[in-house]
Participant: 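One structure, pasted below without further comment.
Only heavy atoms go into these numbers, but all of them, side chains included; no hydrogens, no water, no symmetry mates. All of these numbers come straight from a predicted model, not from anything done at the bench. In each ligand, atom 1 is the first atom listed, and ligand 1 is the first ligand listed.
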Amino acid sequence: MLILGIETSCDETSASVVKDGTIILSNIISSQIDIHKQFGGVVPEVAARKHIEQILSVVKQALVVANVTLKEIDKIAVTMGPGLIGALLVGLSFAKGLSLTYDIPLVPIHHIAGHIAANYLCHADLKPPFLSLVVSGGHSHIIHVETETTFNIVGQTRDDAAGETFDKIARALNLGYPGGPIIEQLAKKGNKKAILFPMSNLSKQSNDYSFSGLKTSALNLINQFHQKGWPISIEDFVASYQEAIVSTLVYNVKNVLNEYPNEPIVLAGGVACNKALQENMKKMADHMNRLFYYPTPILCTDNAAMIASMGYYVDPCKLKTSEFDAVSSLRIDEWMNHILINEK
Ligand code: KG4
Ligand code: ZN
């Protein structure tokens, strides 16, 4: 089965052709990072306008590189949410147009489910059930993946997402955007024990995250350094800050793994690129005798191959309507009920 994936939820315009849910024939990603850099973050209206400019050529390239025509495509999978509404509408409207013109079934995909499915593209042996830590610019979730389409949230952030926590401090230190990869590079030259940042631990009963205290304490420290004129070692600062984020993420996952004695652990989302996070998760997984998976860097960030892979598992015949809308915030555990006919 050939699936054309389309992803425009944030600042990457992407299209991909994936065979049988696992084989990538093409994965074209046009990033807007250089445009948004000058604003220190993604400007939603600019993002939507850039998607409109890019979408046609990105989809054409995806077909050319895969060496297929639209007539050979069996299904189109498009991100319906969560994401920036104007950005989502570009991909969704384009996909609906293609679906109508070429009479190709269309399935609406949850962005986070796509991030998880990125792992199916890299690891042929990976099958649910497993636990997934999904960490991106907008999300930090621990999800129990029961089947490819059944998700149970067992922990999530109550305020900032992990990627946002990196981005905001990088911005306060004038390091550039996006902050995660810049902080990771600088942290390699720093001492991660130089500053002891607070780690949130909400309660023994909760596996939720909270990063706002960590972020505020880092912002206060930056202000103090500036006000008092103390020299600040950026490398030590960001190495310690990254250490606090990574330790917090790993700590809760370890607690959740105790509740699921056999499940492998699967990393996903933009922050999954982070080597310190990968290494700490691997150490913890080895210690707990669990298999550990993470995607290749290009499949960690937003891309359409992951959307096409997830699309493989959604049956277009079971959709409530073909007139589905983009949704800027949609829980992953409500996605299936939102789009499929209730068969009970
Ligand atoms: O999944 P993604 O591409 O977009 C969203 O769905 O949000 O994630 C983007 C986020 C940004 O916050 C970025 O700073 C972070 O992922 N990120 C990283 C790294 N690469 C990207 N964070 C830490 N270390 C990295 N190497
Ligand atoms: Zn994403």
Participant: Verify the distance test for His115 against the Zn ion (ligand 2): any N/O/S atom under 2.8 Å, yes or no.
Facilitator: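 Here the distance criterion (N, O or S atom, under 2.8 Å) is met by His115, so yes.
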Participant: Out of curiosity, Ile23 CD1 to Asp20 CG, how far, rounded to the nearest 0.5 Å?
Facilitator: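 If I round to the nearest 0.5 Å, the distance is 5.5 Å.
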Participant: I'd like to check which ligand 1 atoms, numbered from 1 as shown, lie under 4.0 Å from a non-hydrogen atom of Cys273.
Facilitator: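 The list of qualifying atoms is 26 (N).
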Participant: So, taking the atom named CZ in Phe292 and the one named CG in Leu131, what distance separates them when rounded to the nearest 0.5 Å?
Facilitator: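 These two atoms lie 12.5 Å from each other.
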Participant: Taking only heavy atoms of Thr301, which atoms of ligand 1 are found under 4.0 Å from at least one of them?
Facilitator: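 Heavy-atom distances to Thr301 below 4.0 Å select 3 (O).
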Participant: Going by heavy atoms in the side chains, are Met80 and Val327 under 4.5 Å from each other?
Facilitator: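 In short, these two side chains touch, coming nearer than 4.5 Å.
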Participant: Under 4.0 Å from a heavy atom of His111: which atoms of ligand 1 are those, numbered in the order shown and with their elements?
Facilitator: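 Counting from 1, the qualifying ligand atoms are 6 (O).
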Participant: List the steps, then state whether side-chain hydrogen bond (donor to acceptor under 3.5 Å, both in side chains) holds for Ser9 with Glu7.
Facilitator: CA-CA 6 Å; Ser9 69; Glu7 154 66 38; 2.6 Å; yes
Participant: Decide whether the shortest distance between a heavy atom of His115 and an atom of ligand 1 is less than 4.0 Å.
Facilitator: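 For ligand 1, residue contact (heavy atoms, under 4.0 Å) with His115 is present.
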Participant: Answer whether the closest heavy-atom distance between the side chains of Val271 and Leu277 falls below 4.5 Å.
Facilitator: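 They are in contact (side-chain heavy atoms under 4.5 Å apart), so the answer is yes.
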Participant: Cut-off 3.5 Å, side chains only: do His51 and Thr13 have a donor facing an acceptor?
Facilitator: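 Checked: His51/Thr13 side chains pair up, N/O donor to acceptor below 3.5 Å.
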Participant: Return the residue, atom name and 0.1 Å-rounded distance of the protein heavy atom closest to atom 26 (N) of ligand 1.
Facilitator: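 Among all protein heavy atoms, the one nearest atom 26 (N) of ligand 1 is Glu184 OE1, 2.7 Å.
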Participant: Find out whether the Lys NZ or Arg CZ of Lys19 is both under 6.0 angstrom from the six-membered ring centre of Tyr312 and within 45° of the ring's axis.
Facilitator: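 Verdict for Tyr312: no cation-pi partner in Lys19.
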Participant: Less than 4.5 Å apart, any side-chain heavy atom of Phe197 and any of Leu221?
Facilitator: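 Of all side-chain heavy-atom pairs linking Leu221 with Phe197, at least one is under 4.5 Å.
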Participant: Among all protein heavy atoms, pick out the one at the shortest distance from atom 24 (N) of ligand 1; state its residue, atom name and that distance to 0.1 Å.
Facilitator: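 Here the nearest protein heavy atom works out to Asn274 ND2, 3.0 Å.
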Participant: Atom 2 (P) of ligand 1: which of Asp167, Asp302, Asn303 has the nearest heavy atom?
Facilitator: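 Going through Asp167, Asp302, Asn303 one by one, Asp302 has the nearest heavy atom to atom 2 (P) of ligand 1.
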Participant: Quick one: which ligand 1 atoms are inside 4.0 Å of a heavy atom on Gly180?
Facilitator: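 What qualifies from ligand 1 is 14 (O), 18 (C), 19 (C), 22 (N), 23 (C), 24 (N), 25 (C).
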Participant: Kindly compute the distance separating CD (Gln61) from CD1 (Ile29), expressed to the nearest 0.5 Å.
Facilitator: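 Separation between the atoms: 11.5 Å.
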Participant: Considering only non-hydrogen protein atoms, determine which one is nearest to atom 15 (C) of ligand 1 and report residue, atom name and distance to 0.1 Å.
Facilitator: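 So the nearest neighbour among protein heavy atoms is Val271 CG2, 3.9 Å.
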Participant: Could you tell me whether the side chain of Tyr177 reaches within less than 4.5 Å of the side chain of Asp11, counting heavy atoms only?
Facilitator: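 Contact flag for Asp11/Tyr177 side chains = yes.
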Participant: With a 4.0 Å cut-off on heavy atoms, is Cys10 touching ligand 1?
Facilitator: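 It does not; every heavy atom stays at 4.0 Å or beyond.
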Participant: For Gly138, counting its heavy atoms only, list the atoms of ligand 1 lying under 4.0 Å from any of them.
Facilitator: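 So the answer, numbered in order with elements, is 7 (O).
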Participant: Could you check atom 9 (C) of ligand 1 against the protein and tell me its nearest heavy-atom contact, residue, atom and distance included?
Facilitator: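 The answer is Gly137 N, 3.7 Å.
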Participant: Tell me the nearest of Gly270, Ala272, Ala162 to atom 1 (O) of ligand 1, using heavy-atom distances.
Facilitator: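 Shortest heavy-atom distance from atom 1 (O) of ligand 1: Gly270.
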Participant: Near Gly163, which atoms of ligand 1 are under 4.0 Å from a heavy atom of that residue?
Facilitator: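 Under 4.0 Å from Gly163, ligand 1 has these atoms: 12 (O).
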Participant: When you draw lines from the Zn ion (ligand 2) to NE2 of His111 and to OD1 of Asp302, what angle lies between them, to the nearest 10°?
Facilitator: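 Roughly 90°, rounded to 10°.
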